[in-house]
Amino acid sequence: MKKIVTITLSILMAVSLVACTKSENSSTETTTTTTTTSSTEETVIDVYTLMGPTGIGMSKLINDNTEGTSELKYNFTIASAPDQITSQVIQGDYDIAAVPVNLASVLYNKTEGDLYVAAVNTLGVLYILEDGNTINSISDLAGTTLYATGQGSTPEYILRYVLEKNGIDPDSDLTIEYLSEHSELATLMTSGDVALGMLPEPNVTAALLGNSNLRISLDLTEEWKKVSDTDLVQGCIIINKSFADANPDLVKTFLEEYEASVDYVVNNVDEAAAMCETAGIIPKAAVAKKAIPNCNLVMITGSEMKEMVSAMLEVLYSANSSSVGGVLPDESFYLIYE
């Protein structure tokens with residue numbers, strides 16, 4: 001059993017949100033699916049997304065596209081690492097992409113404003129797991145050694161923010177040991193070598209499946225809500241500005257189809273889990289089935305989206321300006337349809 005779990009964890013090393021760790025930049029493997037419909041006159045929309053939570057909400061739309069039942073025609077690329085998407089966005093060789101919210105800001109700055117953020121698609125996916133029953137509040141972390149991933153990126157800033165808002169100094173009141181890979185930490189927690197760790201989904205689910213002694217002790221999304229006026233936002237939809245300006249009707253239709261896809265995934269977990277495996281978004285349907293409810297999938301557009309994204313970016317900017325590209329995006333960053 002341990003061998004099977006270890007293999008699964010290794011596969012999952014590329015599956016978490018890009019913003020969760022720098023090390024995810026090391027792989028560029030992609031899987032592309034295209035529709036089977038025969039029309040050559042329709043515009044084929046190039047959509048990039050990542051394995052893991054960022055891409056889960058797209059799974060029903062990918063399935064419909066493959067079966068030729070989607071309203072629009074798409075060419076989906078499922079990337080295992082952010083650098084492949086990043087290069088495509090910088091070159092302008094894409095139409096739509098699902099990325100971490102901080103990466104959207106970084107790319108906006110790198111392209112000198114040549115993209116829009118159109119929707120929030122993923123809230124928090126970070127959890128603290130424990131082999132035991134001693135951590136039931138953030139205050140319980142004082143004096144502990146907590147293992148984590150994502151040093152120098154969004155997970156670290158989220159953790160530090162929540163700790164500080166609870167009166168805990170992350171540099172002196174506890175010891176935080178950072179590992180480079182989600183899968184490494186998940187494996188250590190599965191084997192029992194680490195008793196307290198912070199992980200993103202779907203690594204959380206993989207660890208829980210591999211070690212029945214583990215439990216989710218803290219949900220960082222809920223802890224964030226307790227101490228912040230802002231929502232914890234980790235994933236969003238960006239759109240090539242040239243494409244959006246030239247094709248507003250296509251963009252609106254995509255957003256409608258994507259919203260329907262997210263709604264289906266949230267309300268039909270068994271079927272969506274199988275679609276995630278087929279599309280290569282999560283390697284195993286069994287893992288996807290248990291992870292989906294913890295991924296906080298949403299579809300939020302308009303002024304609410306703008307408020308959520310701008311507030312999240314301000315928190316990240318205050319923690320480390322480079323995490324959002326050095327400068328907060330201006331008003332032109334947000335695509336809002338009346």
Side-chain angles (χ1 to χ4, degrees), residues 18 28 30-35 37 39-50 54-55 57-62 64-66 68-79 81-122 233 235-262 279 281 298-303 305-306 309-310 313 324-325 329-338:
V18 185
T28 57
T30 62
T31 303
T32 303
T33 64
T34 57
T35 182
T37 55
S39 173
T40 59
E41 297 181 359
E42 291 181 79
T43 299
V44 178
I45 301 172
D46 289 319
V47 181
Y48 286 78
T49 191
L50 285 155
T54 313
M58 204 83 72
S59 58
K60 177 62 163 62
L61 183 54
I62 292 172
D64 292 349
N65 182 66
T66 301
T69 58
S70 57
E71 185 170 346
L72 301 178
K73 294 177 63 178
Y74 302 96
N75 178 49
F76 285 100
T77 299
I78 314 300
D83 52 357
Q84 195 269 341
I85 293 181
T86 296
S87 62
Q88 297 299 316
V89 172
I90 291 174
Q91 295 168 19
D93 190 19
Y94 80 108
D95 297 319
I96 296 167
V99 300
V101 68
N102 71 303
L103 182 58
S105 179
V106 169
L107 292 172
Y108 182 78
N109 286 313
K110 283 184 177 293
T111 61
E112 298 182 347
D114 195 24
L115 64 84
Y116 294 114
V117 61
V120 169
N121 73 342
T122 315
V233 178
C236 65
I237 299 293
I238 61 172
I239 302 179
N240 185 315
K241 186 165 286 188
S242 298
F243 175 79
D245 289 346
N247 301 281
D249 290 340
L250 291 181
V251 172
K252 291 176 184 178
T253 300
F254 161 76
L255 292 174
E256 291 171 358
E257 290 203 278
Y258 180 67
E259 182 173 17
S261 180
V262 171
I281 295 170
V298 295
M299 175 57 173
I300 301 171
T301 58
S303 57
M305 172 274 297
K306 177 184 176 183
V309 171
S310 61
L313 293 178
V324 298
D330 56 26
E331 293 293 310
S332 298
F333 182 52
Y334 303 96
L335 180 62
I336 300 175
Y337 291 116
E338 298 299 334

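All figures in this text were calculated on a predicted structure; none of them were measured in a lab.
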Inter-residue atom distance [X].[atom1] - [Y].[atom2], 0.5 Å rounding:
X: Asp249; Y: Asn247; atom1: CG; atom2: CG; answer: 8.5 Å
X: Ile300; Y: Cys236; atom1: CD1; atom2: SG; answer: 12.0 Å
X: Ile45; Y: Asn75; atom1: CD1; atom2: CG; answer: 11.0 Å
X: Ile237; Y: Leu255; atom1: CD1; atom2: CG; answer: 8.0 Å
X: Thr43; Y: Asp95; atom1: OG1; atom2: CG; answer: 8.5 Å

Asp245 vs Lys241, salt bridge (Lys or Arg N to Asp or Glu O under 4.0 Å): CA-CA, chis, key distance, verdict
CA-CA 6 Å; Asp245 289 346; Lys241 186 165 286 188; over 6 Å; no

Begin from the C-alpha positions of Ile281 and Thr54 and carry the test side-chain contact (heavy atoms from CB on, under 4.5 Å) through to its verdict.
CA-CA 9 Å; Ile281 295 170; Thr54 313; over 6 Å; no

Given the rule in the side-chain contact (heavy atoms from CB on, under 4.5 Å) test, do Lys306 and Val117 qualify, once you have shown the distances and angles that lead to the verdict?
CA-CA 8 Å; Lys306 177 184 176 183; Val117 61; over 6 Å; no

Residue pair [X] / [Y]: nearest heavy atoms and the distance that separates them:
X: Met299; Y: Ala119; result: SD-CB, 3.7 Å
X: Ile62; Y: Ala279; result: CG2-CB, 4.1 Å
X: Asn109; Y: Gly325; result: ND2-O, 3.5 Å
X: Ser261; Y: Ser59; result: OG-N, 4.1 Å
X: Glu42; Y: Glu71; result: OE1-O, 3.9 Å
X: Tyr94; Y: Gln88; result: CD2-O, 3.8 Å

Would you please indicate if the ring centroids of Phe333 and Tyr108 are separated by under 6.0 Å?
yes

Would you say that [X] contacts [Y] through its side chain, given a criterion of any heavy-atom pair below 4.5 Å between the two side chains?
X: Ile96; Y: Val251; result: no
X: Val120; Y: Val101; result: no
X: Phe76; Y: Asp46; result: no
X: Tyr74; Y: Leu61; result: yes
X: Leu115; Y: Val89; result: yes
X: Ile78; Y: Met58; result: no
X: Ile336; Y: Thr301; result: no
X: Tyr116; Y: Ile238; result: no

Determine whether more than 12 heavy atoms belonging to other residues, nucleotides or ligands lie under 6.0 Å from atom CD of Glu112.
no

Where the side chain of Ser105 meets the backbone of Val324, is there a donor-acceptor pair that is under 3.5 Å apart?
yes

Option among Leu103, Val106, Val99 that satisfies the side chain to side chain contact (heavy atoms under 4.5 Å, CB included) test with Thr86
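Answer to the side chain to side chain contact (heavy atoms under 4.5 Å, CB included) test with Thr86 among Leu103, Val106, Val99: Leu103.
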
How far apart are the C-alpha atoms of Leu72 and Glu257, what are their side-chain angles, what is the distance that settles it, and do they pass the side-chain contact (heavy atoms from CB on, under 4.5 Å) test?
CA-CA 9 Å; Leu72 301 178; Glu257 290 203 278; 3.7 Å; yes

Could you walk me through whether Asn121 and Val298 pass the side-chain contact (heavy atoms from CB on, under 4.5 Å) test, one step at a time?
CA-CA 5 Å; Asn121 73 342; Val298 295; 5.5 Å; no

